[in-house]
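Both counts, for ligands and for their atoms, begin at 1 and track the order of listing.
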Amino acid sequence: MPTLLCVPIFVEDSGDDPIAAALADAGEAKKKGADLVEFRIDRFFSGSRGDSEDAFAVARLRRLLGESPLPVVLTCRPTWEGGDYDGDDADRVALFEKLCCGTDAPPAYLDVELAAYTRSANLRQKINLCVAHPGQRRGVTTRLILSIHDFEGRPGDLDRRFLAACSEPACAVVKVAWRARSLRDNLELFEIIRASPKPVVALGMGEFGLMSRVLAPKYGGFLTFASLRDQAATAPGQPTIDDLLGLYRFRSIGRETRLYGVIGWPVGHSMSPLIHNAGFGAVGHDGVLVPMPVAASDRDAGASFTSFKATLDALLDEGSLGFSGASVTIPHKENLARYARERFGAGRAVDVGGAANTVFVDGDGAASTNTDAGAVVSLLGERWGDSFTDRRVGVVGAGGVARAITAGLAERGATVVVYNRNIDRAERLAGDVNAAGFGGRVITAELSLLPRGCCHGYVNCTPVGMTGGADALGMSIPVADLRHVDGETVFFDTVYNPVETPMLAAARGRGCRVIDGVEMFVRQAAGQFELWTGEGAPVELFDRLCRERLGVG
Ligand code: NAP
């Protein structure tokens, strides 16, 4: 059975007509493609308030169930399990009975916490009266979901509780959700689905758990949740229904779907899922790419490498995932180069550059490369032709991207002048690349010497000019002051937000040729896509999606 898509809707005890508002949301969820809605009534119902008020509440909830455009999961989650209901268990069970039994429109599912269900024989008996099960003599159709939540992390006694839920004859579906602490939690959630004797919902909460929500159909999860509206701030990791169906192509995910990721920290704003998933759709590749946050700390490079390594080991070793590649971004590019050296050997350019941005898995196993360098070289090559031996390129910056680009340019025979604030770092870079004997020569110069440069092109590899950065309005290369510039001089900015940086605007103003950071982003992504799929990347689609996302489409 395909994994169902369920949209949770909180029914509020406020406003003119909360039932109409909830029904409108359910209608919207249906229009967007949901299979089920979960009506969370714990903000609406707070316990018995006397006969007439109870009867009024029951009438309104019956209307909600009767007019729902989609089958309903009914949930009244108590405060002690993360919900808003703080009344008596007996009151909510009495309500369930009125909504599930003897009505024309009972909910399809009733979600009850395992802890409440097993707490007293009396409560269990009353819940059993409301739901379908082998011993049921009443004509009820509602099926019972027994749920286990932990908002801190993996429950210590998970196995015992899971088995207890499975062994309840009245339980139709088991739900387990805990706050995922790392990507590796998802693997255990998938294992739970695979091993479960009953239909199961196994989801990770928080940003580390997104993978479990998107990949539920790959493992045969009973359902997954998606929000109607963006709740990234209050419920990180819960995708919107639009993202699940559009961005992640949820309906096309199956057992054979290959998994790709963008690994970084933070990684929530990466454009990689947007372009690669659209690209997979465009070329008919059965794959999905999800954000894979791997925690890192500026202060502890060793710990960052350890968590990167543990994650990549787990992804590569878990065969059922079909993990086939990743785009690796800040701050893990250096970690990938080190990991590659230790596990499968890095290429010479990755070794020298000290950074890699791509993992790919093919018939020969896993490997890594750096498509940033190839992107810059190929974009410049389109302006200059194949041979770089007579070209001088000014690289501004000496960080990860500058290293990769300098090694790539030297490999093509160019002379590279590395300008950097910290000249020692530039000299280390020049020394490493020159020692590799690529053919091209690398020299260094103080940033203050840029105006006297006489290069055929300049590449900014610093964050100067980047929106939200420390020097957003800054000029990474003082274009107006450069003495030897003509219409053929190329100015290349690796920064892509904004697309038109102050440096590029100045270069355009002087009539020079410019290459923006989106072109680089698209080109490096195309290199990854081709390694992963064996197909040419739909670069126009990539470019359009990126520019639209950045507000310049
Ligand atoms: P990194 O390793 O942190 O290196 C940053 C470099 O910028 C360092 O050399 C640093 O100089 C220099 N720098 C920082 N602030 C500066 C300032 N205010 N003035 C002068 N120099 C400054 O970063 P990275 O990983 O190489 O990334 C560099 C840039 O590349 C990023 O900003 C990103 O936007 C861009 N990028 C673009 C793409 C794409 O696809 N378009 C892909 C990857 C990266 P010191 O050595 O003196 O500290």
Side-chain angles (χ1 to χ4, degrees), residues 262-265 267 269-272 274-276 296 298 301 304 327-337 353-358 370-380 394-408 416-430 444-450 458-478 491-504 514-529 537 539 542-543 546-547 549-550:
V262 50
I263 298 178
W265 183 259
V267 77
H269 292 101
S270 166
M271 292 194 290
S272 293
L274 175 72
I275 61 173
H276 285 297
D298 286 347
S304 297
S327 171
V328 175
T329 184
I330 292 169
H332 289 302
K333 290 183 181 188
E334 289 78 9
N335 286 335
L336 176 57
N357 74 339
T358 308
N370 193 325
T371 63
D372 285 340
V376 172
V377 169
S378 79
L379 284 162
L380 288 173
V395 167
V396 182
V401 168
R403 284 188 79 89
I405 290 173
T406 301
V416 184
V417 188
V418 178
Y419 295 91
N420 197 41
R421 195 172 56 174
N422 173 344
I423 195 70
D424 293 344
R425 196 174 181 192
E427 275 162 14
R428 277 199 301 279
L429 162 54
T444 62
E446 301 276 354
L447 266 186
S448 59
L449 294 178
L450 260 169
Y458 294 87
V459 186
N460 170 41
C461 300
T462 77
V464 176
M466 188 171 74
T467 303
D471 197 2
L473 300 176
M475 188 69 73
S476 53
I477 299 167
F491 286 86
F492 190 143
D493 210 329
T494 62
V495 170
Y496 60 70
N497 189 13
V499 179
E500 183 86 334
T501 58
M503 186 275 280
L504 288 187
V514 301
I515 301 174
D516 67 39
V518 171
E519 289 181 74
M520 174 178 169
F521 183 78
V522 166
R523 194 61 66 93
Q524 61 79 31
Q528 299 175 323
F529 188 91
V539 286
F542 282 11
D543 193 77
C546 288
R547 287 178 199 275
R549 167 71 73 86
L550 294 165

Counting only heavy atoms closer than 4.0 Å, does ligand 1 sit against the backbone of [X], its side chain, both, or neither?
X      : value
Asn420 : side chain
Thr462 : both
Lys333 : side chain
Phe521 : both
Pro463 : both

Identify, for [atom], the protein heavy atom at the shortest distance, and state residue, atom and that distance.
atom                    : answer
atom 33 (C) of ligand 1 : Thr494 OG1, 4.5 Å
atom 27 (O) of ligand 1 : Val401 CG2, 3.6 Å
atom 42 (C) of ligand 1 : Met520 CE, 3.8 Å
atom 4 (O) of ligand 1  : Gly399 CA, 3.3 Å
atom 28 (C) of ligand 1 : Cys461 O, 3.2 Å

Regarding ligand 1, does [X] bring an N or O atom to under 3.5 Å of one of the ligand's N or O atoms?
X      : result
Leu447 : no
Tyr496 : no
Met466 : no

Check your understanding: How far does OG1 of Thr329 sit from CD of Gln524, to the nearest 0.5 angstrom?
Key -> 8.0 Å

Restricting to non-hydrogen atoms, name the atom on [X] and the atom on [Y] that form the minimum distance, rounded to 0.1 Å.
X      : Y      : value
Gly465 : Thr501 : O-CG2, 4.2 Å
Cys461 : Ile405 : SG-CD1, 3.7 Å
Asn420 : Leu447 : C-CG, 3.8 Å
Val395 : Thr406 : CG1-OG1, 3.8 Å
Glu334 : Gly400 : OE2-CA, 3.7 Å
Ala426 : Val418 : CB-CG1, 3.8 Å

Strictly less than 4.0 Å: does any protein heavy-atom distance to [atom] fall in that range?
atom                    : answer
atom 12 (C) of ligand 1 : yes
atom 37 (C) of ligand 1 : yes
atom 2 (O) of ligand 1  : yes
atom 23 (O) of ligand 1 : no

Tell me whether [X] contacts the main-chain N or O of [Y] through its side chain, where contact means a donor paired with an acceptor under 3.5 Å.
X      : Y      : result
Ser304 : Ala296 : no
Asn497 : Thr467 : no
Thr371 : Gly527 : no

Check your understanding: Between Arg428 and Asp424, does at least one N-O distance fall below 4.0 Å, as a salt bridge requires?
Key -> no

**Study point:** Residues Arg523, Asp372: salt bridge by 4.0 Å N-O rule
**Key:**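 No, no charged N to carboxylate O under 4.0 Å.
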
Exercise for review: Take Phe542 and Phe529 through the test ring-ring contact (aromatic ring centres under 6.0 Å, His included) and record every step on the way to the result.
Suggested key: CA-CA 11 Å; Phe542 282 11; Phe529 188 91; 5.6 Å; yes

Atoms of ligand 1 less than 4.0 Å from [X] heavy atoms?
X      : value
Val464 : 16 (C), 17 (C), 18 (N), 19 (N)
Gly397 : 9 (O)
Ala398 : 9 (O)
Asn422 : 46 (O), 47 (O)

Review point. If you measure from atom 8 (C) of ligand 1 to every heavy atom of Arg421, Arg428, Arg425, Glu334, which option wins on shortest distance?
Key: Arg425

